[in-house]
Amino acid sequence: MSTKPSIPQGTRDFNAATIRKRNYILQIIKQVFETYGYQPLETPAFENLETLMGKYGEEGDKLIFKILNNGLNNEKNIEKAKAGFALVLEGKNSSDITERALKYDLTIPFARYVAMNHTKLVFPFKRYQVQNVWRADRPQKGRYREFTQCDADVVGSNHLLNDAELAMMYDDAFNKLGLSDYTLHVNSRKILEALAQVCNATDQLVLITTAIDKLDKVSWDKLQIELSENGLTAAQLKTIETFISIDGNNEERLAKATHFFAGNPIAIKGLEEIEYVLQTASQAKIKVDFSLARGLHYYTGIIYEVKAPPTVKIGSIGGGGRYDDLTGLFGVNGIPGVGISFGIDRIYDVMEELQLFPENLETGTQVLFFNMGSKEASIAFQIMQSLRQKGVSAELYLEEHKLQKQFTYAEKKNIPFAVIIGSKEIEQNYCQLKNLQTQEQHIVVLDNLHEFLTTQPGYHQ
RNA sequence: GUGGUUGUAGCUCAGUUGGUUAGAGCAUCAGAUUGUGAUUCUGAGGGUCGCCGGUUCGAACCCGGUCAUCCACCCCA
């Protein structure tokens with residue numbers, strides 16, 4: 001038996017430097033959320049399985065991490081468990097085997113929360129949520145099995161100002177992060193629906209939209225073959241081809257699309273909505289992209305997807321959209337909403353690659369007190385404590401090692417200052433304060449140590 | 001779920017057509033240097049070559065399986 005420790009596929013440990021950088025991202029995004037009046041919410045790591053099942057499409061259901069029931073080997077459960085397992089082997093679910101699952105995203109648990117509390121909430125209800133979610137996907141670049149989502153949603157309002165406001169929140173956050181080279185792709189589920197209508201293929205909506213969503217990777221020639229194999233006629237393909245050839249800047253695209261749909265009422269609605277968001281969130285770097293088709297089944301209006309700067313090869317770093325009736329899934333009708341999500345793990349990877357993190361995030365220990373012998377160390381400890389009381393992050397080297405080792409320790413931990421208090425210094429109530437980067441060394445009277453240290457260049461709170 | 005890549009020291013990697021005792025750099029530890037280091041010198045420790053099996057006189061190397069990894073597809077943040 002190998003006892004080599006390991007962590008599950010697609011998960012990560014985060015060290016201090018990584019956590020500081022992640023917190024830097026989170027703090028900026030949370031601050032934007034708060035500024036726009038969104039309130040925090042947290043929901044459990046796991047939900048009842050039936051809350052989650054069927055909300056993410058067939059493929060999504062397969063990617064939900066399910067939790068095995070306890071007590072399956074209990075005698076009174078054993079027959080049920082066997083029958084349930086037979087169902088599982090057929091690819092079905094059985095509450096006799098599993099009735100809870102790790103949450104797959106933040107939107108559905110939020111909808112569940114709203115449905116449970118709709119009589120108490122004040123609408124429009126704006127909340128943000130930063131929590132881990134889990135997907136049983138194969139890990140690869142920019143894809144993890146445990147990752148953090150960062151969502152903002154507003155429910156109980158149909159007003160398009162919400163949609164525009166969320167676009168501005170993307171813009172604010174990415175500008176503050178130094179990712180102002182992002183692009184916010186925008187489309188509307190209504191337009192895609194209208195396309196299916198114009199093609200006389202309303203039952204093929206999913207097929208058509210997922211196909212054109214691949215256009216940036218797969219050529220139209222190949223997609224045509226795939227679509228015709230699925231029963232689309234040459235005339236239908238021609239219509240789709242005309243639609244996806246719409247190009248130009250945002251205004252031109254909207255104009256061409258208006259012409260293309262020739263008065264189709266659903267299309268007109270969708271186009272007007274995009275037009276409104278474009279005008280209201282005019283500072284955001286929006287690109288009208290009719291090939292955008294987010295897979296999630298619950299979107300009904302505007303859909304968003306954020307692309308990283310083109311130099312970084314990574315999938316989307318955020319996404320969202322409008323849904324008319326999410327809580328209807330939980331028996332409460334008439335609560336529309338719209339939301340966005342930041343994929344902070346991917347934002348982290350992008351910022352790391354583009355070196356966008358500020359240098360001074362490493363605010364660990366600021367002062368190392370050297371150990372000059374056991375008597376000296378206990379006096380140094382008292383002096384260190386008085387600094388700690390004033391908020392200075394300090395530590396004392398515990399062992400009586402030679403100075404070489406103590407210096408090396410400080411260097412490895414990126415501690416900017418060393419305080420040396422030996423017998424000579426103790427006699428005359430001063431210490432040696434050394435800046436380890438510049439090698440400058442000062443004689444400082446102990447009473448002045450705090451003030452002197454905290455005003456030194458290179459000192460961080 | 002499908003396809004491919006790579007598994008050798010703590011880390012990054014060499015290792016010839018299968019041949020005796022598996023190497024390097026970095027890192028670690030000790031000493032030169034008992035109150036001033038990170039860029040000098042000397043030395044030391046460290047390996048079940050992912051795991052299991054097969055072929056062979058002989059396997060880090062060839063074959064089969066398995067696990068892990070990274071990448072791509074599906075889908076997605």
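As the structure is a computational prediction, the values presented were derived from the model and not from experiment. The analysis underlying the following values was restricted to heavy atoms, covering all of them including side chains, and did not include hydrogens, waters or symmetry mates. Note on naming: letters A, B, ... go to the chains in the order of the sequence lines (proteins, then strands), and numbering restarts at 1 for each one.
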- Query: What distance, rounded to whole Å, do you find between the two P atoms, one in B/rC70 and one in B/rG7?
  - Reply: 15 Å
- Task: Quote, to the nearest angstrom, the C1' distance that separates B/rC49 from B/rG15.
- Result: 11 Å
- Note on the structure: A/Gln439 CD to B/rG37 C1', in whole Å, measures 8 Å
- Nearest-angstrom distance from the residue atom CG of A/Leu403 to P of B/rG37: 9 Å
- Query: Which of these nucleotides, B/rU36, B/rG37, B/rC71, is closest to any side-chain atom of A/Gln432?
  - Reply: B/rU36
- Hey, are A/Glu376 and A/Lys424 close enough for a salt bridge, meaning a charged N less than 4.0 Å from a carboxylate O? no
- Message: Under 4.0 Å, heavy atoms only, any strand: does A/Ser423 hit a base, just the sugar-phosphate, or nothing?
- Response: base
- When rounded to the nearest Å, what value does the distance between P atoms of B/rU40 and B/rG35 take? 24 Å
- Query: More than 12 heavy atoms of other residues, nucleotides or ligands under 6.0 Å from NZ of A/Lys176: is that the case?
  - Reply: yes
- Message: Any strand counts, and the cut-off is 3.5 Å on both contacts for Watson-Crick or G-U wobble. Which nucleotide pairs with B/rA27?
- Response: none
- Query: A/Leu207 has an atom CG; how far is it from atom P of B/rC75, in whole Å?
  - Reply: 11 Å
- Along RNA chain B (nearest heavy atom to each residue), the more 5'-positioned of A/Lys402 and A/Glu411: A/Lys402
- Task: May I ask you to say what A/Gly60 touches in the nucleic acid, namely base, sugar-phosphate or nothing, with a heavy-atom cut-off under 4.0 Å?
- Result: nothing
- Rounded to whole angstrom, note down the P distance from B/rA30 over to B/rA68. 39 Å
- Query: What's the NZ-P distance between A/Lys307 and B/rA77, to the nearest Å?
  - Reply: 11 Å
- Note on the structure: To the nearest angstrom, the CD-C1' distance between A/Gln404 and B/rA30 comes to 11 Å
- Task: Determine the contact category for A/Gly318: base if any of its heavy atoms lies under 4.0 Å from a base atom, sugar-phosphate if only primed atoms, P, OP1 or OP2 are that close, otherwise nothing.
- Result: sugar-phosphate
- Message: Expressed as a whole number of angstroms, how long is the span from A/Ile426:CD1 to B/rG35:P?
- Response: 14 Å
- Note on the structure: Considering only heavy side-chain atoms of A/Asp137, the closest of B/rG35, B/rC75, B/rU2 is B/rC75
- A/Gln406 side chain N/O closer than 4.0 Å to the phosphate oxygens (OP1, OP2) of B/rU36? no
- Qualifying residue, where the test is salt bridge (charged side-chain N to carboxylate O under 4.0 Å, His left out) with A/Glu47 and the options are A/Arg112, A/Arg100, A/Lys55, A/Lys66: A/Arg112
- Considering only side-chain heavy atoms of A/Thr408, which listed nucleotide, B/rC74, B/rG37, B/rU33, is closest? B/rG37
- Once you apply the 3.5 Å cut-off to both distances, tell me the Watson-Crick or G-U wobble partner of B/rC62, or none. B/rG54
- Query: Can A/Phe147 be called stacked on B/rA77 when the rule is centres closer than 5.5 Å and an angle between planes below 30°?
  - Reply: yes
- Item | Minimum-distance nucleotide (side-chain atoms of A/Met372 versus B/rG35, B/rU36, B/rC76) | B/rG35
- Query: Going by modelled atom types, is there a donor-acceptor pair between the base of B/rU36 and the side chain of A/Lys434 at under 3.5 Å?
  - Reply: yes
- Message: Using atom P in both nucleotides, what's the gap between B/rA9 and B/rA60 to the nearest angstrom?
- Response: 15 Å
- Out of B/rG35, B/rA77, B/rG1, whichever nucleotide has its closest atom nearest the side chain of A/Arg138: B/rG1
- Between A/Val288 and A/Phe290, is any pair of side-chain heavy atoms under 4.5 Å apart? yes
- Message: Between B/rG58 and B/rG46, how many Å separate the two C1' atoms, rounded to a whole number?
- Response: 28 Å
- Task: Just call it for A/Gln149: base, sugar-phosphate, or nothing, with non-hydrogen atoms closer than 4.0 Å on any strand.
- Result: sugar-phosphate
- Item | Crowding at CD, A/Gln27 (>12 non-hydrogen neighbours, <6.0 Å) | yes
- If you pin A/Lys217 and A/Val306 to their nearest nucleotides in RNA chain B, which one's is more 5'? A/Lys217
- When you check the side-chain N and O atoms of A/Gln149 and A/Tyr104, is any donor under 3.5 Å from an acceptor? no
- Message: Starting the side chain at C-beta, find the nucleotide from B/rA77, B/rG31, B/rC75 nearest to A/Thr210.
- Response: B/rC75
- Tell me: CD of A/Gln140 to P of B/rG3, nearest whole Å? 16 Å
- Rounded distance (Å) that lies between atom C1' of B/rA38 and atom CG of A/Asn435: 14 Å
- Query: With respect to the phosphate group of B/rU28, does any side-chain polar atom (N or O) of A/Lys412 fall under 4.0 Å of OP1 or OP2?
  - Reply: yes
- Task: Give A/Ile347 one of three labels, base, sugar-phosphate or nothing, depending on what nucleic acid heavy atoms sit under 4.0 Å from its own.
- Result: nothing
- Message: Please classify the nucleic acid contact of A/Glu425 as base, sugar-phosphate, or nothing, using heavy-atom distances under 4.0 Å.
- Response: base
- Query: Between A/Glu305 and A/Lys307, is there a salt bridge with N-O shorter than 4.0 Å?
  - Reply: yes
- Selection from B/rA77, B/rC75, B/rU69 that lies nearest to any side-chain heavy atom of A/Arg346: B/rA77
- Task: For nucleotides B/rC13 and B/rU6, find the distance between their C1' atoms and express it as a whole number of Å.
- Result: 13 Å
- What integer number of Å spans the P atoms of B/rA32 and B/rA38? 15 Å
- Message: Could you check whether the side chain of A/Gln9 and the base of B/rU69 have a donor-acceptor pair of N or O atoms closer than 3.5 Å, going by distance alone?
- Response: no
- Aromatic ring proximity, centroids under 6.0 angstrom, A/Tyr128 and A/Tyr36: no
- Message: Can you tell me which nucleotide in B/rG3, B/rC29, B/rA77 comes closest to the side chain of A/Lys405?
- Response: B/rC29
- What nucleic acid atoms does A/Ile420 come within less than 4.0 Å of, heavy atoms only: base, sugar-phosphate, or nothing? base
